[in-house]
Amino acid sequence: MSFASLGLHQDILNQVNELGYTTPTPIQCAAIPVVLMGKDVMAGAQTGTGKTAAFALPLLHRIQHNKSTNQAQCIQVLVLTPTRELAQQVHASFVKYGQNLSIRSVVAYGGASLNVQVDALQQGCDVLVATPGRLLELIMKKLINVSALQTLVLDEADRMLDMGFIIDIQRILKNLPQTRQTLFFSATFNDDIFALSKTLLKEPQLIEVDSRNTTATQVEQRIYAVDKKRKSALLSFLIGSKNWQQVLIFTRTKQGADELANEMQKDGIATQSFHGDKSQGARERVLADFKAGKVRGSYRNRRCSKRHRHRSITVCDQS
Ligand code: AMP
């Protein structure tokens, strides 16, 4: 299958070509036609499968079509993400894929100036990418108008539930138009996810490109049985002996992330911690340093999700 055969707007095809995407990924082949038809979708997709383009490309196509037929209204697409970083990443994708179009994407998340985000919204917004808390604040303070919303996307729905956003999501839903398209993306499926999806989706098309709840195919997993007090020494040994250059370690608590980062620094490994108690500026600096290779190890805590319940620390070799 080619991108051209999916019926996307020529300006979108040109941009996809410019980005060097030759063929759609499996999730894109399956989801793009269904999203273009306006149907609800429940998709199982890991990060790295091209899932962002699977919803961004057809939604940009629809907005462009509405604009050309003068049906354009403020905030047609709302994407909810569990973290600020994912919100920034999804917003950057809309900007990247829509570069040849006159479509405006705005990103809104907590820990950053509300006024700056409101100013950006007032300059016009077709796509809003937001985290649940900040979106709720914007709705409650009547700073945004979501009455013309056509499509709601829940990205990484499983992580949203893991992070305790269910009440916020339910309050947001009460303020959105009932008649809309809803796209639901989750890396894992369990009973909670199915229960949430039932309250959101109407006759959804179920799309699963991998067998259910599998990890990404390019990730090799290993388990080391080790006493708790020797975990940081083992980590330092693995990083040093295997010469890993970019390492992400997940810990169960924020304090655990800080303590581990300190231990690793004492072992001479350039390391920073990353979690929700850090200021937005500090989080952005850590990520930028990590991407630029200035930090070798980066630590972040994540709530003990069902996916990580059996592993207090996960080391990802990204080199
Ligand atoms: P995602 O799963 O949305 O986080 O995307 C993972 C990466 O795949 C991103 O860096 C995208 O730019 C890239 N990507 C998405 N679709 C394609 C495609 N069809 N061909 C090549 N790369 C792609």
Side-chain angles (χ1 to χ4, degrees), residues 1-36 41-61 77-101 103 105 107 109 127-131 151-160 162 183-189 207-219 246 248 250 287-288 290-293 298 300 302 307 314 316-319:
M1 191 182 272
S2 67
F3 276 105
S5 68
L6 292 168
L8 293 166
H9 192 281
Q10 190 56 47
D11 288 344
I12 298 176
L13 292 177
N14 292 346
Q15 179 61 3
V16 160
N17 192 33
E18 189 72 20
L19 291 167
Y21 298 1
T22 47
T23 42
T25 65
I27 184 79
Q28 291 163 3
C29 290
I32 290 174
V34 185
V35 178
L36 285 174
V41 165
M42 176 160 186
Q46 304 277 347
T47 294
T49 54
K51 71 176 165 66
T52 316
F55 61 80
L57 299 179
L59 293 175
L60 285 167
H61 172 98
V77 170
L78 170 64
V79 186
L80 276 180
T81 69
T83 63
R84 300 165 188 179
E85 287 71 24
L86 184 61
Q88 285 171 329
Q89 207 177 303
V90 171
H91 160 71
S93 296
F94 270 97
V95 172
K96 179 172 74 174
Y97 298 137
Q99 200 169 304
N100 300 329
L101 312 168
I103 291 176
S105 174
V107 63
Y109 46 77
V127 178
L128 173 61
V129 185
T131 51
T151 305
L152 168 69
V153 184
L154 261 91
D155 198 9
E156 301 203 355
D158 51 350
R159 284 184 71 194
M160 275 197 253
D162 284 348
L183 312 177
F184 191 99
F185 286 80
S186 185
T188 54
F189 287 147
I207 296 173
E208 288 183 278
V209 288
D210 287 316
S211 34
R212 200 168 282 182
N213 296 342
T214 51
T215 45
T217 47
Q218 64 271 44
V219 177
Q246 252 190 328
L248 259 179
F250 294 95
L287 273 190
F290 185 64
K291 278 189 195 161
S298 179
R300 61 192 280 188
R302 75 179 281 164
R307 266 188 285 164
T314 304
C316 309
D317 179 6
Q318 312 248 308
S319 56

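Quantities reported herein were computed from a predicted structural model and do not represent experimental measurements. Read the numbers this way: they start at 1 and go in the same order the structure lists the ligands and their atoms.
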Between Asn14 and Glu18, do the side chains contain a donor N or O and an acceptor N or O under 3.5 Å apart?
no

By the salt bridge (charged side-chain N to carboxylate O under 4.0 Å, His left out) test, which pairs, at least two apart or in different chains, include something from residues 45-60?
Lys51-Asp155, Lys51-Glu156

Non-hydrogen side-chain atoms of Arg159 and Thr83 separated by less than 4.5 Å
yes

Do the non-hydrogen side-chain atoms of Leu59 and Val79 ever get within less than 4.5 Å of each other?
no

Does the pair Leu101 and Asp11 meet the rule for a side-chain contact (heavy atoms from CB on, under 4.5 Å), with working shown?
CA-CA 7 Å; Leu101 312 168; Asp11 288 344; 3.6 Å; yes

Between Ile12 and Tyr97, does the side-chain contact (heavy atoms from CB on, under 4.5 Å) criterion hold? Intermediate values first, please.
CA-CA 7 Å; Ile12 298 176; Tyr97 298 137; 5.6 Å; no

As a test of reading the model: which residues have a non-hydrogen atom less than 4.0 Å away from ligand 1?
Phe3, Tyr21, Thr23, Pro24, Thr25, Gln28, Thr47, Gly48, Thr49, Gly50, Lys51, Thr52, Lys96, Tyr97

